[in-house]
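First up is the structure itself, then whatever we jot down about it.
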There are 2 protein chains.
Amino acid sequence: MPKSPATTARSKRAGSQLTPDAIIEASLRIAARGSEDAFTVRRLGEELGADPTAIYRHFRDKDELLLSVADRTLGEVLDSIPEGLDWKGRIRALAAGSLEVALRYPVVGSTMASRTTRRPNEFRVVELIIGAVMEAGLQGAEAAVHYRMVGESLLAFVGQRAAHLLFDADIRAADESAWSREYRLVDAQAFPNITHLSTELAEVTDEQIFQVRVEALISAIEKRVETLRGA
Amino acid sequence: MPKSPATTARSKRAGSQLTPDAIIEASLRIAARGSEDAFTVRRLGEELGADPTAIYRHFRDKDELLLSVADRTLGEVLDSIPEGLDWKGRIRALAAGSLEVALRYPVVGSTMASRTTRRPNEFRVVELIIGAVMEAGLQGAEAAVHYRMVGESLLAFVGQRAAHLLFDADIRAADESAWSREYRLVDAQAFPNITHLSTELAEVTDEQIFQVRVEALISAIEKRVETLRGA
DNA sequence: ACCTGAACACCGTTCAAGT
DNA sequence: ACCTGAACACCGTTCAAGT
């Protein structure tokens, strides 16, 4: 069989075909496997067909790689937002897109929940949110703090969901069944409210909670605008 | 010098003085050191004056230990809430207390942000929040989903702040300075909103954001009550 | 200039052996 | 019944050596 370089591009001895982009794309492939495949430097080396430590020629450390990967996924979120929406629609679309991407790449969503990438696509997200809160009627310091509220809340929401996806199946099952097990068995005298709502508590879905949390952000902005207009 | 057993209670050869409570208290001492001292099984062994693996006689694994430690800290939060507050006051006090405790034991606050302890003090917190949203005027499924919104949002807020405290000093500094560095230097044409608000963005404090996020939860509940009354 | 691979300094957890 | 300590199967990262 003759050599066919095109189909052996990732063979171990192909020279210096390692680029930041190739490393980011390999990272996304691993991240997409969720809890089935740990996102480690050694696993990344396998995926690239290179020595695990080769990535240190292109990224200072794993943290810097993750920030770059996260910024790439923010690009996917931005591309999913349609044109022409009003401020509420843009925040809802940003929330839905962020959730979808965080659940697709849980290790990225989880790790980045309390970070700032300081990279181009994050700038675009910030620009979008500030535009929305200003269109809603906030300005100056009020717009700034409400932007931060929205931005960090969205990161927190999707980060929580993503982190949960990364737990071992047994831990996840134990947490998920709490509302239909432990919380149904609490002492009725000591915990009357829980007892009274036990059925409804077990029926709440993650999707309902997410929607209510996003609407809470919007309500809070509207209420703040009304309060400031009234004063 | 004569033996004085009372003062050598934690000596290496004192027999079986290891109890779940002693392990939880040692865990809290390590957790209180924040990013200066990693919360590892080996470090816990040192703190207890025992072999690192001794804790596996009392807890199935590190996760179960952390759940127990977390429930202990929830007790501290509950003890900090005064009697006689109305529903808004109780949510504000719960938020403030949770933040304080999460910043005191960051590794606990960070790890538990997407978990359910399913332990006694968590039941008390759930009872408190459900009582608050019902006093606000919500019932049944509406009360259930709004309880979940409040509970998970508070966990997310304090978890984000706690996680940030655990990063290495240089990573934390880079994230904190983003608003006064990278975000001040963005292209004014491409990012007019960021440019317009750059001063205000750099001046927002974590405390302001936290307060706005807590008030947003309260606003959202009030708005939902109004909407349901109107319908 | 970039990649390799041995090595270092860590992790959580298991299990046979001690007392 | 509980604790010990060696051992296992991992981590991220460094650095001298290769090409």
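Throughout, protein chains are lettered first and strands after them, A, B, ... in sequence-line order, and every chain is numbered starting at 1. Only heavy atoms go into these numbers, but all of them, side chains included; no hydrogens, no water, no symmetry mates.
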Sorted by chain and residue number, the side-chain contact (heavy atoms from CB on, under 4.5 Å) partners of A/Thr117 (sequence neighbours excluded) come out as A/Leu67, A/Ala70, A/Asp71, A/Arg119, A/Glu122

Scan residues 168-193 of chain B for pairs that pass ring-ring contact (aromatic ring centres under 6.0 Å, His included), counting only residues two or more places apart or in two chains. A/Phe123-B/Tyr183, A/Phe123-B/Phe191, A/Tyr147-B/Trp179, B/Trp179-B/Tyr183

With ring-ring contact (aromatic ring centres under 6.0 Å, His included) as the rule and sequence neighbours excluded, what pairs involving residues 18-42 of chain B come up? none

Mind calculating the distance between [atom1] ([X]) and [atom2] ([N]) to the nearest angstrom?
| X | N | atom1 | atom2 | value |
| --- | --- | --- | --- | --- |
| A/Leu48 | C/dG5 | CG | C1' | 17 Å |
| A/Glu64 | D/dT13 | CD | P | 11 Å |
| A/Phe167 | C/dG12 | CZ | C1' | 16 Å |
| A/Glu46 | D/dG12 | CD | P | 13 Å |
| A/Leu44 | C/dT4 | CG | C1' | 16 Å |
| B/Asp51 | D/dA7 | CG | C1' | 13 Å |

Close side-chain approach of A/Thr111 and A/Tyr105, heavy atoms under 4.5 Å: no

Check each residue of residues 55-63 of chain A for a non-hydrogen atom within less than 4.0 Å of any atom in DNA chain C, then write out the ones that pass by number, or none. A/Arg57, A/His58

Got a sec, which pairs hit salt bridge (Lys or Arg N to Asp or Glu O under 4.0 Å) with one end in residues 91-106 of chain B, sequence neighbours left out? B/Glu76-B/Arg104, B/Arg92-B/Glu215, B/Glu100-B/Arg104

Among all residues two or more places apart in sequence or in another chain, which pass the salt bridge (charged side-chain N to carboxylate O under 4.0 Å, His left out) test with [X]?
| X | value |
| --- | --- |
| A/Glu203 | none |
| B/Glu176 | none |
| A/Glu36 | none |
| B/Asp175 | A/Arg115, A/Arg118 |

If a stem is a run of at least 3 consecutive Watson-Crick or G-U pairs, both distances under 3.5 Å, which stems include DNA chain D? C:4-8 with D:12-16, C:12-16 with D:4-8

List in numerical order all residues of residues 33-43 of chain A for which some heavy atom is under 4.0 Å away from an atom belonging to DNA chain D. A/Phe39, A/Thr40, A/Val41, A/Arg42

Identify each donor-acceptor pair in which a side-chain atom of residues 152-159 of chain A lies under 3.5 Å from a protein atom, sequence neighbours left out, and give them as a table.
from, atom 1, to, atom 2, distance (Å)
A/Glu152, OE2, A/Arg148, NE, 2.9
A/Glu152, OE2, A/Arg148, NH2, 2.9
A/Ser153, OG, A/Met149, O, 2.6
A/Ser153, OG, B/Arg213, NE, 3.2

Residue B/Thr53, side-chain atoms from C-beta onward, closest of C/dC3, C/dG5, D/dT4: D/dT4

A/Glu47 and A/Arg42 ion-paired at < 4.0 Å: no

